[in-house]
2 protein chains.
Amino acid sequence: MDDDSVFRALADASRRQLLDRLYAHNGQTSGDLCQNMEMSRQAVAKHLAILEEANLVAVQWRGREKLHFINPVPINAVAERWISKFEAPRLDALSTLKRTLEGEGNGQQ
Amino acid sequence: MDDDSVFRALADASRRQLLDRLYAHNGQTSGDLCQNMEMSRQAVAKHLAILEEANLVAVQWRGREKLHFINPVPINAVAERWISKFEAPRLDALSTLKRTLEGEGNGQQ
DNA sequence: TTGACAGGCAACCATTAGGTTGCATATAAG
DNA sequence: CTTATATGCAACCTAATGGTTGCCTGTCAA
């Protein structure tokens, strides 16, 4: 919902790495995600809290374990609302080029 | 080229606003971009320097004026390399189209 | 019940980020 | 030439960020 929290959450390489790892294997515990992270468990927990705050990660408790699941919706929303704006002119240019190259007027996507 | 500098540059709302303003009207001077920015000229200059550093803005000198032009390529590159992974189904077709077109020797990147 | 394990909370620290002010430099205009 | 304008540079300040350590709570298993 909040573009700013999403952008800020994505600004840190460690947090992007955590998302990458969740993308590779969803539903990991904090402990799992701490493996090979070159920082303390609490530091990882803080990063996960920020991702959770930005709604990029959803959690589910199973006993004493906290499972983390990636939530792609905010990323998609930001990409659609904000980034695609800067992509549109370029795609327009490409579409025009495509029509030019193909010599026909059917460049619909 | 450097994902991290792009993500960090985009993390600040003021910088995103500057990009918005350049998108609305490209080629503005620092002075133009300071209008209605609720901060000093130097603060804006710092933000512009960060955008320039991340290659999101290209500059061109005209006498004593520094013109700023938006460069959408890094945003698109990050979107394609990183974000589209999380929305693979929806954007796959689009990315494929872009790669196809870019492979036809038009020198877009 | 007693320990081990998963995680949270709070205090603290160093660095960075965003902002300010003041002054310097280069170009344009009179 | 003098002055106004556009921008750069540097020092400085404050708050946020990313990290640490120490301790506490809740859950599982022997």
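Within every chain, numbering begins at 1; the chains are lettered A, B, ... in the order of the sequence lines, protein sequences first and strands thereafter.
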Inset, instruction - Could you tell me which residues satisfy side chain to side chain donor-acceptor pair (under 3.5 Å) with Glu65(B), sequence neighbours excluded, listed by chain and number? - result: Arg62(B)
Legend entry - Side-chain touch Asn71(A)/Val57(A), heavy atoms, less than 4.5 angstrom: no
Inset, instruction - Whole angstrom is fine here: how far is it from CD in Glu65(A) over to C1' in dC5(C)? - result: 10 Å
Inset, instruction - Using the closest heavy atom to pick a nucleotide of DNA chain D for each, name whichever of Glu52(B) or Ser14(A) lands nearer the 5' end. - result: Glu52(B)
Inset, instruction - Give the B/S/- string for nucleotides 21-30 of chain C, one per nucleotide from 5' to 3', where a protein heavy atom under 4.0 Å of the base yields B, of only the sugar-phosphate yields S, and otherwise -. - result: BB----BS--
Legend entry - Sequence neighbours excluded - ring-ring contact (aromatic ring centres under 6.0 Å, His included) pairs with any residue from residues 55-77 of chain A: none
Legend entry - Evaluation steps, side-chain contact (heavy atoms from CB on, under 4.5 Å), between Trp82(A) and Val6(A): CA-CA 12 Å; Trp82(A) 203 86; Val6(A) 173; over 6 Å; no
Inset, instruction - Sort and list the pairs that fulfil side-chain hydrogen bond (donor to acceptor under 3.5 Å, both in side chains) and have at least one residue in residues 39-54 of chain B, not counting sequence neighbours. - result: Arg15(B)-His47(B), Glu52(B)-Lys66(B)
Inset, instruction - Can you measure from CD1 (Ile70(A)) to CZ (Arg21(A)) and round to the nearest 0.5 angstrom? - result: 13.0 Å
Inset, instruction - Verify side-chain contact (heavy atoms from CB on, under 4.5 Å) between Leu56(A) and Leu10(A), making sure each step is shown before the conclusion. - result: CA-CA 9 Å; Leu56(A) 290 167; Leu10(A) 293 179; 4.0 Å; yes
Inset, instruction - May I ask you to verify if any side-chain N or O of Lys46(B) is less than 4.0 angstrom from the OP1 or OP2 atom of dT20(C)? - result: no
Inset, instruction - Check whether any side-chain N or O of His47(B) sits under 4.0 Å from OP1 or OP2 of dG19(C), and answer yes or no. - result: yes
Legend entry - Spatial distance of atom CG (Leu67(B)) from atom OG (Ser30(B)) [nearest 0.5 Å]: 9.0 Å
Legend entry - Set of residues satisfying salt bridge (charged side-chain N to carboxylate O under 4.0 Å, His left out) with respect to Asp4(A), sequence neighbours excluded: Arg8(A), Arg16(B)
Legend entry - Leu51(B) and Leu19(B), any side-chain heavy atoms less than 4.5 Å apart: yes
Legend entry - First of Ala45(A) and Glu38(B) reached from the 5' end of DNA chain C, by closest nucleotide: Ala45(A)
Legend entry - Pairing residues for Asp32(A) by the side chain to side chain donor-acceptor pair (under 3.5 Å) criterion, not counting sequence neighbours: Thr29(A)
Legend entry - Distance, rounded to the nearest Å, where Arg15(B) contributes CZ and dA17(C) contributes C1': 8 Å
Legend entry - Nucleotide range of DNA chain D lying under 4.0 Å from chain A heavy atoms: dT17(D) to dC28(D)
Inset, instruction - Give, ordered by number, those residues of residues 26-36 of chain A having at least one heavy-atom distance below 4.0 Å to an atom of DNA chain C; if nothing qualifies, reply none. - result: Thr29(A), Ser30(A), Gly31(A)
